[in-house]
Amino acid sequence: MSDQPQQVYNGRYELHRLIARGGMAEVFLARDALLDRPVALKVLFPEFATDPSFVERFRREAQSAANLSHPNIVSVYDWGEEDGTYFIVMEYVEGRSLAQIIKDEGPLHPDRAADITADTAAALGFAHRNGVVHRDVKPGNILINPSGTVKVADFGIARAVSTSENLTQTGTVMGTATYFSPEQARGESVDPRSDVYSLGVVLYEMLTGRPPFSGDSPVSVAYKHVQETPETPRARNPDVPTALEAVTLKTIAKNPANRYATGEDLRADLRRFRAGQPVTAEAIMAAPGADATRAVYAGTAATTAVPHTGGTRAVREVEERYWDDEPPREKKSSAAFVIALLVLLAILAALLYFFTQSLGLGDEETGATVETPSVLSLPAAEATRILTEAGLDPEITEEPNESVPDGTVFAQDPAAGVNVPEGSTVELRVSAGAPPVEVPSVVGMNLSDAVSQLEGLGLSTDVTPAESETTPEGQVMSQEPGEGEEVPAGTAVELTVSSGPPSVPVPDVVGFRSNEAGVELGRAGFEVAFREEPSDSVDEGLVIRTDPAAGAEHTKGSTVTVIVSSGPAEAEVPDVVDMSDAEATAALQKAGFRVARSSQAVADESKDGVVLSQSPRGGATAPAGSTVTITVGEFVGSETTSTTSTSSTTSTTSTTAASGGGTG
């Protein structure tokens with residue numbers, strides 16, 4: 001696509017790269033330009049876009065899936081038509097498919113396989129309750145994101161069970177042959193139990209690393225789903241728990257009536273298994289060397305006839321139209337088939353022999369048998385007592401188990417209710433508690449980050465604050481147990497966390513000169529900052545107070561602010577020239593100044609009692625409370641204008657005001 005303009009669907013979906021190819025469509029990683037998010041765009045092949053039945057099936061896929069809103073189902077956002085072909089817009093799931101995981105890792109741990117199956121069953125159960133059967137459950141359609149969330153994709157051949165229009169006629173099969181249910185292989189109608197069967201095949205593959213049936217072609221595989229009994233999971237992988245094997249074999253029973261009715265029923269039994277509780281599926285007690293799947297397949301049509309022509313044609317249609325997970329293989333000769341058939345007959349003969357031996361039919365004498373009691377969820381000592389009293393020999397194996405209390409039985413083999421010869425060994429798996437946790441180093445980390453990491457590993461914390469002049473506040477200084485030590489889950493890790501430098505009282509430096517105060521505070525371990533402030537009561541250059549105040553506890557090394565007097569505050573002197581003596585005195589007193597008065601002879605009677613000048617002048621600044629001198633005119637007549645009388649009066653403002661109108 002790099003040599004061509006970027007293709008855009010519906011004016012908003014920008015195609016980036018191909019991420020998958022299926023039987024009738026390709027899936028691209030695209031960007032929704034309108035919502036600015038990645039999406040998966042599924043585009044129908046052009047050759048199918050002209051087929052009305054395929055287009056209708058494609059449309060039904062979008063409608064069916066769009067109505068299924070569930071955490072474990074890939075969401076469908078949109079669908080439409082562009083340039084003669086059809087597309088569906090789906091949620092983009094970043095991660096790997098289960099098929100890729102099995103290919104990369106081989107058989108999965110039973111607990112992990114059970115969890116993935118349970119989440120898938122939850123998705124199918126939700127679909128079943130809404131009348132939708134998936135019909136193509138396989139590892140390639142089960143996606144797992146980096147956080148472990150399971151998403152079931154591609155309800156591409158799902159069809160509403162309740163729909164009045166049947167788009168798929170009897171004899172037409174949809175799906176992937178490796179994961180067919182027998183009824184799908186025969187071209188018969190399907191229900192939720194068909195999805196249960198397919199999911200059982202997936203579970204079988206997760207536990208053993210390969211599906212129960214394989215063959216040279218989809219037709220041969222489909223035939224085996226109908227006719228043959230699979231090897232038990234434990235025969236391929238002895239680490240598979242008996243209870244989980246029972247669940248697996250119940251899901252792939254030939255007769256749908258013997259399976260779980262819905263995905264939700266399967267999920268419930270898997271949750272019981274994960275909780276260490278008895279499952280509803282019956283366990284199998286196999287004779288030595290025998291394949292005892294007969295217990296699960298009781299009542300199953302094991303002798304079902306070869307599928308009719310319609311079913312075979314349907315399988316061949318799938319072979320031609322649908323992309324299979326397995327690459328095609330060369331067909332073997334008929335001679336090889338005959339040899340394989342003879343080998344199969346020999347195996348069946350051996351199984352029949354061991355079966356009769358296990359029942360004691362070939363012996364002249366039969367020993368006593370005992371029904372195995374259930375000891376699940378009991379303390380090991382009590383379970384041992386019960387089995388011993390029943391005439392059985394308990395054999396205990398301790399295993400770490402986070403969900404079961406220490407010393408409690410969480411699995412037994414044979415399972416409860418199975419008849420075994422008296423004196424037989426019963427294997428008990430007893431919880432040794434959660435596995436030990438290796439303590440990481442959190443020294444130097446922020447406290448919240450350290451607590452988060454330790455609690456994420458199943459450990460608790462016990463925090464002790466400690467003063468430190470070198471370690472920042474809130475940082476872990478030490479821990480116990482130390483890095484690399486293994487401790488039981490839930491152990492408290494003792495963390496010593498810095499509370500910062502110690503606190504000391506602030507020295508009293510009020511009345512000190514600023515330089516003396518700085519020296520005293522520096523000796524106490526503080527940084528010092530100075531700030532001036534006017535004061536009418538404290539002489540200029542002396543300390544008025546400190547912040548924090550003297551005697552207060554303050555962190556060593558932090559800053560103490562010293563407030564130093566800049567002397568009395570200055571104020572602006574009012575302009576009182578040309579005012580009367582009384583008005584000028586009142587204005588100056590109101591501004592906070594003291595008043596001194598002097599007189600000057602004037603020949604102009606209008607200047608009598610009027611302020612002729614002032615010192616300091618109006619508009620100048622002077623310390624509040626200082627004295628302003630005013631010169632007031634005194635009328636003496638024209639014959640005496642040459643004579644000027646001046647008197648200097650320094651008096652309180654109240655005295656000056658009282659004599660403001662006097663003449664000399």
Side-chain angles (χ1 to χ4, degrees), residues 508-520 528-547 549-550 560-664:
D508 186 357
V509 293
V510 173
F512 285 33
R513 300 206 65 80
S514 59
N515 60 337
E516 296 171 345
V519 171
E520 187 67 19
V528 182
F530 294 95
R531 187 176 78 233
E532 288 191 338
E533 184 179 291
S535 174
D536 295 335
S537 59
V538 179
D539 292 341
E540 183 179 359
L542 300 183
V543 175
I544 302 172
R545 66 184 183 279
T546 59
D547 183 19
V560 174
T561 302
V562 178
I563 295 89
V564 180
S565 172
S566 59
E570 293 197 344
E572 184 177 343
V573 179
D575 186 354
V576 295
V577 174
D578 293 332
M579 290 184 181
S580 68
D581 186 3
E583 291 173 340
T585 300
L588 291 168
Q589 288 176 349
K590 185 177 180 181
F593 294 101
R594 301 174 68 189
V595 180
R597 178 180 174 279
S598 67
S599 61
Q600 179 179 326
V602 294
D604 185 353
E605 188 176 1
S606 65
K607 296 294 184 181
D608 186 37
V610 175
V611 177
L612 303 176
S613 64
Q614 69 181 80
S615 180
R617 62 181 177 79
T621 58
S626 61
T627 300
V628 177
T629 301
I630 59 175
T631 301
V632 180
E634 185 176 348
F635 178 68
V636 294
S638 58
E639 67 279 4
T640 60
T641 55
S642 60
T643 304
T644 301
S645 174
T646 304
S647 63
S648 177
T649 303
T650 304
S651 62
T652 64
T653 55
S654 59
T655 302
T656 304
S659 61
T663 59

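The basis for the numbers below is simple: all heavy atoms, side chains too, and nothing from hydrogens, waters or symmetry mates.
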Is the side chain of D539 donor-acceptor paired with the backbone N or O of G541 at a distance under 3.5 Å, no angle test? no
Before you tell me yes or no, could you show the steps for L542 and R513 under side chain to side chain contact (heavy atoms under 4.5 Å, CB included), namely the whole-Å CA-CA distance, both residues' side-chain angles and the distance that decides it to 0.1 Å? CA-CA 5 Å; L542 300 183; R513 300 206 65 80; 3.4 Å; yes
For the pair V602 and L612, evaluate side chain to side chain contact (heavy atoms under 4.5 Å, CB included) and give the outcome as yes or no after the intermediate values. CA-CA 10 Å; V602 294; L612 303 176; 3.9 Å; yes
Closest non-hydrogen atoms of P574 and L588, given as atom of the first, atom of the second and distance, are CD-CD2, 3.7 Å
Closest approach of V576 to A584 (non-hydrogen atoms, all atoms of both residues): CB-CB, 3.5 Å
Can you see which heavy atom on V538 is nearest to which on V543, and at what distance? CG1-O, 4.4 Å
If I compare all heavy atoms of F635 with all of A603, which pair ends up nearest, and what's the gap? CE1-O, 3.0 Å
Verdict with supporting geometry, Q614 and V573, side chain to side chain contact (heavy atoms under 4.5 Å, CB included): CA-CA 10 Å; Q614 69 181 80; V573 179; 3.5 Å; yes
Applying side chain to side chain contact (heavy atoms under 4.5 Å, CB included), run through E533 and R545 and close with a yes or a no. CA-CA 10 Å; E533 184 179 291; R545 66 184 183 279; 3.0 Å; yes
How long is the gap from CZ on R597 to OG1 on T631, to the nearest 0.5 Å? 9.5 Å
Out of curiosity, E520 CD to N515 CG, how far, rounded to the nearest 0.5 Å? 12.0 Å
So, for V562 and A517, which heavy atoms are closest and what is the spacing to 0.1 Å? CG1-CB, 4.4 Å
Less than 4.5 Å apart, side chain to side chain, heavy atoms only: is that true for D578 and K607? yes
Grab the two heavy atoms, one from P568 and one from A624, that are nearest each other, plus how far apart they are. CB-O, 4.4 Å
Nearest 0.5 angstrom please: S514 OG to E540 CD, how far? 10.5 Å
Supply the atom-to-atom distance I630 CD1 to M579 CE, rounded to the nearest 0.5 angstrom. 10.5 Å
